[in-house]
Each structure stands twice: as C-alpha cells, then as structure tokens.
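Working notes, structure below.
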Protein chains: 2
Amino acid sequence: MDLKERLNQILEALRQRGHRITPQRMAVLKILAESKNHPSVESIYQQVRQDFPTTSLATIYKTVTLLKEIGQVLELGFADWGSRYDGNKPFPHPHIICTKCGAIVDPDYASMQEITREMARKSGFAISHHRLDFFGLCPKCQSG
Amino acid sequence: MDLKERLNQILEALRQRGHRITPQRMAVLKILAESKNHPSVESIYQQVRQDFPTTSLATIYKTVTLLKEIGQVLELGFADWGSRYDGNKPFPHPHIICTKCGAIVDPDYASMQEITREMARKSGFAISHHRLDFFGLCPKCQSG
DNA sequence: ATATGTGCAAATGGTTTGCAGTGAG
DNA sequence: CTCACTGCAAACCATTTGCACATAT
C-alpha cells in the first residue's frame, strides 16, 4: 500500500475519534505507516528523537497503544525479543523472522483464508484473526 | 502422545545433560508433560504448591527456562497475556486461542510442512520453525 | 562428597501511570 | 479556551539473579 495513503488512513481514524495530531505523534505515525522493518518501540523512539530530541519513551508507548486499540497497528509479541509493530499492514498476515539479525519480512501468501475456514470448521471456534510466523535465517545471515 | 512416555522423554533429556530430578522439578515436569491446557508459569506454580507448599516461583521459572533451552517445552509468548507453555508437543504446531477465556487448544492439522517449504522457497530464508495461532471465541464462550 | 537445585529477597527491565505543564483544535 | 498530549519521574510487574542452604546423585 502507498505510504501516503496509509498514513492518511491512520490520520483519519484518529481524527474520527477526536484524537489530536501532534508533531511527535505524526513522527510516530509516519514510521509505522511504512514500517517495512516492523520496528520495536525502542527503534521508533530512536528515530523520532532525531527530529524531536525531547520526546519521551512514554509518548511512543502511549501512541502505539492507542493505535493498537483502534486497530491501526498490528503487534507481534515475542517472548524473547519483546514486541514489534506493523502499521503498514495492520491486519493478520504471515511473517518470516530471522532468528539471527531479527529482520522481519512479509512474504506474499494468499491462502490463509482457506486455512482459517478449515480451522474454524474443525475446532468449532469463531475465528476472528490469526498469526503465522516462520523463523529461520534470512539470506544475508545464512552466509554470515 | 502418551503422558508417561512423554514424561520419560523429558526425564531422559535432563539426565543426559546431568540435571537432577528433584520432587519439585518432577511436579513441574508432570504438569508440562500433559499440559493440554498450555499453562502459564503462575498456573504451574499454583498446581505445584498443592503438593510442595514451599516451592518458589523462581524455581518454576528456572525449570521452565531449562526445559526451553533443551527444547523440551514450547513457549507461546503473547504481548498481552504473558507466556504459555506446551511440554506435551514441544515442537511447532498450530494453536487456537480463545480471546475471551484464554483457552488454548491444539487443532489437528498436517499440511504445515508444505506451507513451510513454499515459504522457504519464496523468501530465501532457511526456515527452522514456525508458529501459527488462530484467535477467536471457543464454542463455550460463543454462547456466553 | 560435590556441585546442582531450592527458596528467599533483591535487582532488573520493559511497560504503564500520575501529574503538572503544554499546545492542538 | 479546553481538553487531549507531552515529558518527567515514580510505580508496576513479570522475570531474573545472587547467595546461603539443602539434597540428588
């Protein structure tokens, strides 16, 4: 999805609910709207500080939490490496995670809907979303 | 897998590496060897305390961490609800999680290997394991 | 006998919260 | 003007660590 378009979606969702667009918040939104690298809170913090040096970690957390609540960011919680965020594709989708360098990429994969339907039928659950992660070494780390 | 057999596997893995089998540890192992309910550390703690009231949380954590290190327990880390553990099937497999009551069940599903191969081919990653979670309401919670 | 495991208490670290001051709408 | 947001510091809480004692082997 086009970054500017995605950013506008997020802005619109915030405005609809009466939330304000501050410079710090805008900086976070921009990072999350691209977020091809699925950044951590700490990573977002470091980036935002380049433009707004007084920004606090708490502000990043508050913004990310808000976006989570209104469904504008997808949280990937890992037991060992903390959470990573995807604001570009905030809906459930597969990920491939490099266990060495921590890179997270989105493979293209379409048939999850079929699998989800099959799961629901067999289990009796009313399935609302899913999460599928593959772990391994990315091409770069395989030669390291 | 048969519970007694699974327990023996874990015991064997511990003995091989020179770890001792204490009563407290045995209690944890038994719980994890069945673990159809994918217990949390706190839940394991409460159960163990029924038989060994002086057991400390730290001991549970240490045992679970040890089992994780030797690959005898699978950790499911959730950003919002902490970690849950599966010592009965310590290898990657799908889960269905009730977002209301927190129940976690294992559906039977075989074709993950195909999907994993396909993923590896398309991404260039050397995939070592995966994780697939479906979230929704279990049959019981749908009528609640 | 020996060194691994236990249990307690303290430390840790990521995340959240309270609150006074700031600024977007 | 108002009320949501920011930034700081303190609070939180799950998990980890240090250490003296206990005990499995």
Side-chain angles (χ1 to χ4, degrees), chain A residues 10-32 38-70 72-73 75-85 102, chain B residues 10-32 38-70 72-73 75-85 102:
Chain A
I10 300 177
L11 290 173
E12 185 51 32
L14 287 173
R15 290 201 188 96
Q16 269 184 12
R17 298 165 197 242
H19 294 292
R20 296 174 183 173
I21 312 299
T22 65
Q24 300 92 326
R25 186 168 279 177
M26 178 64 91
V28 174
L29 300 188
K30 280 183 183 166
I31 291 165
L32 283 171
H38 304 71
S40 64
V41 163
E42 184 62 30
S43 159
I44 296 170
Y45 178 55
Q46 296 304 338
Q47 292 177 67
V48 172
R49 284 197 79 119
Q50 293 178 8
D51 293 316
F52 303 92
T54 66
T55 305
S56 72
L57 249 185
T59 295
I60 311 292
Y61 274 109
K62 284 166 183 166
T63 299
V64 168
T65 300
L66 173 60
L67 292 176
K68 237 195 319 182
E69 283 167 5
I70 66 177
Q72 291 297 323
V73 78
E75 179 176 42
L76 305 179
F78 299 99
D80 298 328
W81 323 306
S83 287
R84 303 278 294 266
Y85 299 88
Chain B
I10 301 177
L11 290 172
E12 185 50 31
L14 286 173
R15 290 202 188 96
Q16 269 184 10
R17 297 166 197 243
H19 294 292
R20 296 176 183 170
I21 313 298
T22 65
Q24 299 93 325
R25 185 167 280 177
M26 178 64 92
V28 174
L29 300 188
K30 279 183 184 165
I31 291 165
L32 283 172
H38 305 70
S40 63
V41 163
E42 184 62 30
S43 159
I44 297 170
Y45 177 56
Q46 296 303 339
Q47 293 177 68
V48 171
R49 284 198 80 120
Q50 293 179 10
D51 293 315
F52 303 92
T54 66
T55 305
S56 72
L57 250 185
T59 294
I60 312 292
Y61 274 108
K62 283 166 183 167
T63 299
V64 168
T65 300
L66 173 60
L67 291 175
K68 238 196 316 182
E69 284 168 3
I70 67 177
Q72 293 296 324
V73 77
E75 179 176 42
L76 304 179
F78 298 100
D80 298 328
W81 323 305
S83 286
R84 302 278 295 265
Y85 299 88

* Got a sec, which residues hit salt bridge (Lys or Arg N to Asp or Glu O under 4.0 Å) with B:K30, two or more places apart in sequence or on another chain? ->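 B:K30: no salt bridge (Lys or Arg N to Asp or Glu O under 4.0 Å) contacts found.
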Any N/O pairs under 3.5 Å between the protein and nucleotides 13-15 of chain D? List them or say none.
| from | atom 1 | to | atom 2 | distance (Å) |
| --- | --- | --- | --- | --- |
| D:dT15 | OP2 | B:Y61 | OH | 2.1 |
| D:dT15 | O5' | B:Y61 | OH | 3.0 |

Locate the shortest heavy-atom distance separating [X] from [Y]; write the atom from each residue and the value.
| X | Y | value |
| --- | --- | --- |
| A:K68 | A:V73 | N-CG1, 3.5 Å |
| B:H19 | B:R25 | CB-NH1, 3.8 Å |
| B:A13 | B:Q72 | CB-NE2, 3.7 Å |
| B:S83 | A:A79 | OG-CB, 3.6 Å |

Heavy atoms, side chains only, cut-off 4.5 Å: are [X] and [Y] in contact?
| X | Y | result |
| --- | --- | --- |
| B:E42 | B:L57 | yes |
| A:D80 | B:E75 | yes |
| A:M26 | A:L11 | yes |

* Will you find, in the side chains of A:E69 and A:T65, an N or O donor that is under 3.5 Å from an N or O acceptor? ->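 Absent: no donor and acceptor within the cut-off.
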* From the 5' end of DNA chain C to its 3' end, which nucleotides mark the outer limits of contact with chain B, defined by a 4.0 Å heavy-atom distance cut-off (strictly under)? ->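 The footprint of chain B covers C:dT2 to C:dC8.
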* Assign a letter to each nucleotide of nucleotides 2-9 of chain D from its 5' end: B, base within under 4.0 Å of a protein heavy atom; S, sugar-phosphate only; -, no contact. => BBBSBBB-
* Of the options A:V64, A:T63, A:T55, which is the one that meets A:I44 in a side-chain contact (heavy atoms from CB on, under 4.5 Å)? ->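 For A:I44, the side-chain contact (heavy atoms from CB on, under 4.5 Å) test succeeds with only one of A:V64, A:T63, A:T55, which is A:V64.
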* To do: Can you tell me which stems DNA chain C forms, taking runs of 3 or more consecutive Watson-Crick or G-U pairs with both distances under 3.5 Å?
  =>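 DNA chain C stems, ordered by first number: C:1-25 with D:1-25.
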* What's the spacing between A:I10 CD1 and A:L67 CG if we round to 0.5 Å? ->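 That separation rounds to 6.0 Å.
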* Asked: Quick one: side chain to side chain donor-acceptor pair (under 3.5 Å) partners of A:T59, sequence neighbours excluded?
  ->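 With neighbours one apart ignored, the set is A:S56.
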